[in-house]
Protein chains: 2
Amino acid sequence: MDTPRACSVARSLEIVGERWSLLVLREVLLGVRRFADIQRHTGAPRAVLTQRLRRLVDAGILERRDYRPDGERTRQEYHPTPAGRELQPVLVALMQWGDRHLAGPDGPPVRMEHHDCGGAVHAHLVCEHGHALPGDGRGLRAVPRDVGAG
Amino acid sequence: MDTPRACSVARSLEIVGERWSLLVLREVLLGVRRFADIQRHTGAPRAVLTQRLRRLVDAGILERRDYRPDGERTRQEYHPTPAGRELQPVLVALMQWGDRHLAGPDGPPVRMEHHDCGGAVHAHLVCEHGHALPGDGRGLRAVPRDVGAG
DNA sequence: AAGCTGAGTATGGAATTTGAACTCAGCGCG
DNA sequence: CGCGCTGAGTTCAAATTCCATACTCAGCTT
């Protein structure tokens, strides 16, 4: 068998794995809605940003809406869809890894906190029976479903 | 200020955000150690795989070791480091999103389970006081530490 | 009517990616 | 000892993608 492994990680990355995609999503989830602002905050070139936004909209991760600020003409803004919001754990996990391993002398630049209690939020691995797994994934087992004892 | 946002997501993606990097890591975490096998399972071109492996090693995510299978000469194999294992939550989060939103008719191709109890494992958002957040990140608040949005 | 601004398009050169071919080392066989 | 095989890359040209800069277009404000 020399076909690459069938895997949801690969499928997800085909959609959000291109450069800038996750940063665009980060901005939108932070509440930044407009093309120019997203461009400024991410640093993505405009042409690429156009492509990415289109792709994220097509994938059902963002939604493009018209709106009309006072004294301006109709603009477009990008909102997260439910599917887009469900990528939060990916962003939080990436962020906490970066915080741990790549933070500069000033420490993490952004803190994610629980709106209700102010506590720092982390992505944890938990099994359906409520057992917590360590952050390094020890105790985790991958079970392919189309290989082996078929 | 027109500099892009300082953010650990961006920093992490600078290291693991290139094409193939996370798939290579997935393989290594699944126990695939050798160049040719990683190449087969991911589908990455050899030249790119060489680059990515080197970069992951440089970043302290993988470690390259020599070993000697019976009847063969010395080979190299790639092992995850602790920092590499700490990316598990990222992979699990990506996988669960793909499972939910991109699974084909056969359902998810791989299942992550808790070695001790067999229960399905998920990446959850939890605050330090033990409060669980919903998977779509509602109740999550980002607090920048050096930038004001207005 | 002209100017300004947000949201893109157009464009051409630089950087990456790709697949296919090539290299190199060393073990097992004869 | 020389030969072929295999794993782990390296080289190379073509295709793709990325990037910076310049250009367009709509419509509100003056």
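Evaluation of the salt bridge (charged side-chain N to carboxylate O under 4.0 Å, His left out) test over residues 130-140 of chain A, restricted to residues two or more places apart or in two chains, returns A/Asp136-A/Arg138.
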Indicate every side-chain donor-acceptor pair of residues 119-131 of chain B with a distance under 3.5 Å to a residue at least two apart or in another chain.
{"unit_1": "B/His122", "atom_1": "ND1", "unit_2": "B/Gln96", "atom_2": "OE1", "d": "3.4"}
{"unit_1": "B/Glu128", "atom_1": "OE2", "unit_2": "A/Ala120", "atom_2": "N", "d": "2.9"}
{"unit_1": "B/His131", "atom_1": "ND1", "unit_2": "A/His114", "atom_2": "ND1", "d": "3.4"}

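A/Thr74 places no side-chain N or O within donor-acceptor distance of the main-chain N or O of A/Asp66, the cut-off being under 3.5 Å. With hydrogens and angles ignored, the 3.5 Å screen pairs no side-chain donor or acceptor of A/Ser21 with any backbone N or O of A/Gly17.
You'll find the side chain of B/His115 stays beyond 4.5 Å of the side chain of A/Leu140, heavy atoms only. By the 4.5 Å heavy-atom criterion applied to side chains, A/Leu23 and A/Arg26 are counted as neighbours. Looking at B/Phe35 and B/Gln76, their side chains never come closer than 4.5 Å, going by heavy atoms from C-beta outward.
A/Arg34 meets the salt bridge (charged side-chain N to carboxylate O under 4.0 Å, His left out) test with A/Glu72; sequence neighbours excluded. Partners of B/Arg111 according to the salt bridge (charged side-chain N to carboxylate O under 4.0 Å, His left out) rule, which considers only residues two or more places apart in sequence or in another chain, are B/Glu113. Partners of A/Arg55 according to the salt bridge (charged side-chain N to carboxylate O under 4.0 Å, His left out) rule, which considers only residues two or more places apart in sequence or in another chain, are A/Glu18. Not counting sequence neighbours, the partners of A/Glu86 by the side-chain hydrogen bond (donor to acceptor under 3.5 Å, both in side chains) test are B/Arg100, B/His101. The side-chain hydrogen bond (donor to acceptor under 3.5 Å, both in side chains) test applied to B/Glu63 returns B/Arg65, not counting sequence neighbours.
Remark on the helix from C/dA1-D/dT30 to C/dG30-D/dC1: inter-end axis angle 0°, axes from five-pair C1' superpositions, rounded to 10°.
Annotation: proximity of residues 8-17 of chain A to DNA chain C (heavy atom, distance under 4.0 Å) is found for no residue. Near DNA chain C, meaning a heavy atom under 4.0 Å from it, residues 42-65 of chain B has B/Pro45, B/Val48, B/Gln51, B/Arg52 in order of number. At a non-hydrogen distance threshold of 4.0 Å, A/Arg34, A/Phe35 from residues 24-35 of chain A come into contact with DNA chain C.
Taking 4.0 Å as the cut-off between side-chain N and carboxylate O, B/Glu27 and B/Arg33 do not count as a salt-bridged pair.
C/dG8 atom P lies 12 Å from atom CD of A/Glu77, rounded to whole Å. The CG atom of A/Asp66 sits 12 Å away from the C1' atom of C/dA7 (whole-angstrom rounding). The OH atom of A/Tyr78 sits 8 Å away from the P atom of C/dA7 (whole-angstrom rounding).
B/Gln76 comes within contact range of the sugar-phosphate backbone alone, with a heavy-atom separation under 4.0 Å but no base atom that close.
Between B/Tyr78 atom OH and B/Ile38 atom CD1 the span is 7.5 Å, to the nearest 0.5 Å. One distance of note links CZ of A/Arg40 with CG of A/Leu49; it measures 11.5 Å at 0.5 Å rounding.
Protein chain B contacts DNA chain D from D/dG7 to D/dT11, reading 5' to 3' and using non-hydrogen atoms of the protein with a distance under 4.0 Å.
Nearer the 5' end of DNA chain D, as judged by each residue's closest nucleotide, is the contact made by A/Arg19, out of A/Arg19 and A/Thr74.
In summary, the side chains of A/Asp99 and B/Ser8 do present a donor paired with an acceptor at a separation below 3.5 Å, with no hydrogens or angles considered.
Dashed line: the shortest gap from a side-chain N or O of B/Trp20 to OP1 or OP2 of C/dT18 is under 4.0 Å.
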